[in-house]
*Asks:* 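Quick one: structure below, then a few questions.
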Amino acid sequence: MTKKSFYITTPIYYPSAKLHIGHAYCTTIADAVARYKRLTDHDVFFLTGSDEHGQKIQQKAEEEGVTPLAYVDKIVAGFQGLWQKLHISNDDFIRTTEERHQRVVQEIFRRIYEKGDIYKGKYKGLYCTPCESYWTERQLADGKCPDCGRAVAEVEEDAYFFKMSRYERRVLEYIEANPDFIQPVSRRNEMINFIKQGLEDLCISRTSFDWGIPVPIAPDHVIYVWFDALTNYLTPIGFLDDIEKFEKYWPADIHLVGKEIVRFHSIIWPCILMALDLPLPKMVYGHGWLIVDGDKMSKSKGNVVDPLLLIDEFGADAIRYFLLREINLGQDGNFSRDALITRINADLANDLGNLLHRTLNMIGKFQGGVVEKALGESAIDRAFLDEAQKTIDAYEREMEGMKLQSAIKTTWAFISRANKYIDETMPWALAKEAAKKQELTNTLYNLAESLRRISVLIEPFMPETAAKIWRQLGIAEDFSAVRLADVRAWGGFPAGTHVASPEQLFPRIEVTEEKPTAEGRKGSTTKSQEPQKKQKAEKAKHDAPADGIITIEEFRRVDLRVAEILRAERVPDTEKLMRLQVSLGDEEREIVSGIAEFYTAEELVGKKIILVANLKPAKIRGIRSHGMLLCAKSEGSLTLVEVDAPAGSAVS
Ligand code: MSP
């Protein structure tokens with residue numbers, strides 16, 4: 001059976017500067033959608049690229065004393081490097097300076113000219129160079145460019161015009177008849193209002209600079225950048241040279257764009273396509289903008305965030321996860337370093353990392369590393385499996401509706417549910433009773449199967465992590481061949497599989513203090529920023545607030561866990577020290593504690609206490625003590641803080 005095709009595009013980015021985190025946000029969304037469509041067995045074509053012509057690029061190149069092509073070559077190589085590091089899975093990268101594209105643009109110009117929809121006239125108007133946009137007096141905002149707020153210049157020159165006014169009624173009818181064409185709905189209403197004010201003919205050539213594609217019938221004119229740029233969507237899918245390919249992918253399923261360029265994609269582009277008698281794209285999705293610490297990014301404010309630096313520091317998957325999890329697709333969203341670190345620690349290191357670690361550890365310890373076949377199920381298992389099914393149904397619904405953030409939340413709710421399932425079933429307790437062997441096997445099977453599912457569900461968001469989990473689960477099947485349908489029914493984990501020993505997915509980020517980042521902003525220092533660490537620690541001491549207040553981030557660094565005391569014995573030749581074996585659910589530890597004056601060994605066994613689990617191990621009387629238990633202190637006595645919760649539970 002032939003697969004259904006799916007064509008998704010990002011805007012092609014201007015190489016007027018390096019890309020920032022806002023551009024990375026846009027491409028990451030498109031990548032997640034493309035990956036999801038591949039998972040649902042579509043024949044996907046995912047396109048991104050660079051929009052390399054125009055006056056601004058020419059000016060930039062002149063400032064640097066190089067040719068425009070030399071200038072863009074360097075910057076575009078940077079784009080491609082960034083997409084590689086961010087695991088972007090585009091099927092092609094279109095540069096508007098490529099010969100294949102020039103042929104398409106000129107051919108389109110010719111066809112529309114021959115049809116009589118392009119004519120020569122005089123352009124007199126207002127031009128915003130940074131936005132490469134023409135405006136009428138009426139469209140200006142306080143006399144300035146309505147998009148970027150900068151000054152516009154009056155220009156007058158011979159020019160070719162595209163008869164866009166001719167298509168005004170048809171494009172409006174199309175938008176009104178196709179409620180899904182412009183998403184989200186708020187953008188659709190804006191566009192309808194815009195058209196209702198009247199569409200003027202569009203100036204599509206310039207003579208005042210020459211860095212562009214020549215007009216085929218008048219080589220002293222270059223084609224206006226937006227006319228050149230929009231047609232990029234036709235070039236790589238065989239518009240001129242591979243009709244079969246073209247018919248497979250056109251019309252595009254989604255043009256994903258930022259909110260300020262929805263107008264070009266949902267009005268101008270459809271008019272051009274109508275003039276060419278081509279079908280219109282199925283959807284133009286206008287996503288919101290990423291702001292940084294509550295502010296619009298700009299060079300002058302010095303708050304432009306470089307995605308490459310972030311990837312180097314935190315890894316691509318953590319950045320992808322943050323962007324997709326934190327921001328509701330149609331709305332503006334905020335990037336902050338502290339929010340990123342909080343997400344990494346809470347969602348990735350704790351929730352996901354712990355689930356994998358605990359599961360693999362227990363399979364290693366209780367079943368020699370082998371996932372065995374499940375037989376039968378308890379009420380607890382049933383409830384858990386029901387949740388797993390609901391998760392996959394909701395996930396599919398949300399991904400199909402472009403609700404990426406909701407799909408991530410759904411997946412993470414299931415990850416938390418799986419962690420809870422460990423606490424409910426207490427495999428360490430089952431392991432102690434021979435009669436519970438099958439129950440233990442079932443629990444561990446269900447956990448392994450959950451992780452198999454989770455790895456597939458997170459692949460669109462975190463491809464590298466998904467593959468890492470798959471590898472650690474030891475499943476022989478090639479991960480790249482796995483589809484969503486393979487995890488729709490419960491029980492696909494191959495019994496008899498040997499899992500690997502757990503490897504950490506995301507180390508917790510230790511935050512020490514605020515520091516100005518490479519971009520000149522304030523941000524948290526992490527472990528990876530070793531060099532000035534000592535000096536900073538000293539400074540932090542002085543800067544510590546006098547009132548002893550700590551931030552939530554500082555508190556979150558403490559990993560508090562419920563631990564059950566399994567054995568206790570007094571450390572010989574001491575009065576105060578007790579040596580304790582404690583269970584953290586999937587792990588046993590030894591600690592030494594100064595409580596021997598207040599509790600006997602017999603009193604301690606069986607108590608469930610709270611342990612500081614991430615305290616650096618220390619040697620006390622030659623014994624390695626790994627953790628510290630919490631006690632209440634009052635007038636010469638100590639009372640253990642006891643809780644009635646399963647061993648291993650996180651305390652927060
Ligand atoms: N070259 C045109 C697009 C032509 S498509 C036929 C262009 N380029 S751009 O480099 O200025 O912007 C490309 C995309 O990046 C736009 O969709 C824009 O919305 C997006 N973003 C730029 N800054 C952004 C944020 N701060 N946040 C999110 N997206 C942002 O326009």
Side-chain angles (χ1 to χ4, degrees), residues 8-30 47-57 60 72 75-76 78-79 82-83 88 93-97 101 104-105 108 128-133 145 147-148 150 187 204 211-213 223-236 252 254-270 272-273 281 284-299 301 303-307 319 322-324 326-336 519:
I8 183 166
T9 66
T10 73
I12 47 172
Y13 300 93
Y14 288 133
S16 45
K18 282 198 319 191
L19 296 181
H20 58 56
I21 189 76
H23 303 117
Y25 170 55
C26 179
T27 306
T28 302
I29 301 167
L47 179 68
T48 189
S50 48
D51 185 1
E52 305 184 10
H53 292 123
Q55 191 170 13
K56 189 171 175 192
I57 302 283
K60 285 255 176 186
V72 292
I75 298 200
V76 171
F79 290 8
L82 170 61
W83 300 147
I88 300 300
F93 186 100
I94 177 77
R95 298 186 57 178
T96 53
T97 48
H101 181 63
V104 168
V105 175
I108 285 174
C128 173
T129 306
C131 294
E132 308 276 12
S133 298
C145 169
D147 272 355
C148 72
R150 277 175 276 211
R187 310 260 174 263
I204 53 164
W211 180 236
I213 297 178
I223 291 174
Y224 167 50
V225 278
W226 273 100
F227 192 91
D228 163 358
L230 288 162
T231 55
N232 92 84
Y233 300 130
L234 302 180
T235 305
I254 304 181
H255 287 316
L256 181 77
V257 300
K259 61 182 182 182
E260 86 291 4
I261 59 170
V262 169
R263 185 170 64 90
F264 294 91
H265 287 81
S266 64
I267 301 176
I268 299 181
W269 182 222
I272 296 173
L273 289 166
V284 174
Y285 197 105
H287 65 76
W289 271 45
L290 199 64
I291 53 175
V292 169
D293 296 322
D295 229 353
K296 201 172 163 182
M297 262 180 286
S298 84
K299 263 196 184 157
K301 284 188 206 138
N303 65 349
V304 178
V305 176
D306 181 346
I319 308 305
F322 177 83
L323 294 173
L324 299 170
E326 198 76 4
I327 302 151
N328 190 342
L329 203 52
Q331 289 158 16
D332 288 352
N334 193 45
F335 173 85
S336 95
E519 298 87 28

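As the structure lists them, so they are numbered: ligands from 1, and atoms in each ligand from 1.
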*Asks:* Decide whether Glu52 and Thr96 meet the rule of one side-chain donor and one side-chain acceptor closer than 3.5 Å.
*Replies:* no

*Asks:* If you measure from atom 6 (C) of ligand 1 to every heavy atom of Tyr233, Phe335, Phe227, which option wins on shortest distance?
*Replies:*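 Considering heavy atoms of Tyr233, Phe335, Phe227, the nearest to atom 6 (C) of ligand 1 sits in Tyr233.
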
*Asks:* Among Lys259, His287, His23, His265, which residue places a heavy atom closest to atom 12 (O) of ligand 1?
*Replies:* His23

*Asks:* Any idea which atoms of ligand 1 are less than 4.0 Å away from a heavy-atom of Gly258?
*Replies:*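 Reading through ligand 1 atom by atom, the close ones are 17 (O), 19 (O).
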
*Asks:* Spell out, as yes or no, whether a donor-acceptor pair under 3.5 Å connects the side chain of Arg263 to the backbone of Ile268.
*Replies:* no

*Asks:* Under a heavy-atom criterion of less than 4.0 Å, does Trp269 contact ligand 1?
*Replies:*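 Flag not set, Trp269 not near ligand 1.
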
*Asks:* Which bit of Leu290 is near ligand 1, meaning a heavy atom under 4.0 Å away: side chain, backbone, both or neither?
*Replies:* both

*Asks:* Counting heavy atoms only, which of Ile327, Ile261, Ile12 is nearest atom 2 (C) of ligand 1?
*Replies:* Ile12

*Asks:* Taking non-hydrogen atoms only, is Cys26 closer than 4.0 angstrom to ligand 1 via side chain, backbone, both or neither?
*Replies:*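 Within the 4.0 Å criterion, Cys26 makes no contact with ligand 1.
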
*Asks:* Can you confirm whether or not the ring centre of Tyr233 sits under 6.0 Å from the ring centre of His255?
*Replies:* yes

*Asks:* For Tyr13 and Thr27, which I'm curious about, is there any donor-acceptor pair between the side chains at under 3.5 Å?
*Replies:*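 A donor-acceptor contact under 3.5 Å links the two side chains.
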
*Asks:* Could you pull out, from Phe79, Tyr14, Tyr13, the option with a heavy atom nearest to atom 31 (O) of ligand 1?
*Replies:* Tyr14

*Asks:* Within a strict 4.5 Å, meaning less than it, do heavy atoms of the Pro11 and Ile261 side chains meet?
*Replies:* yes

*Asks:* How about Tyr25 and Pro307: do any of their side-chain heavy atoms sit closer than 4.5 Å?
*Replies:* no

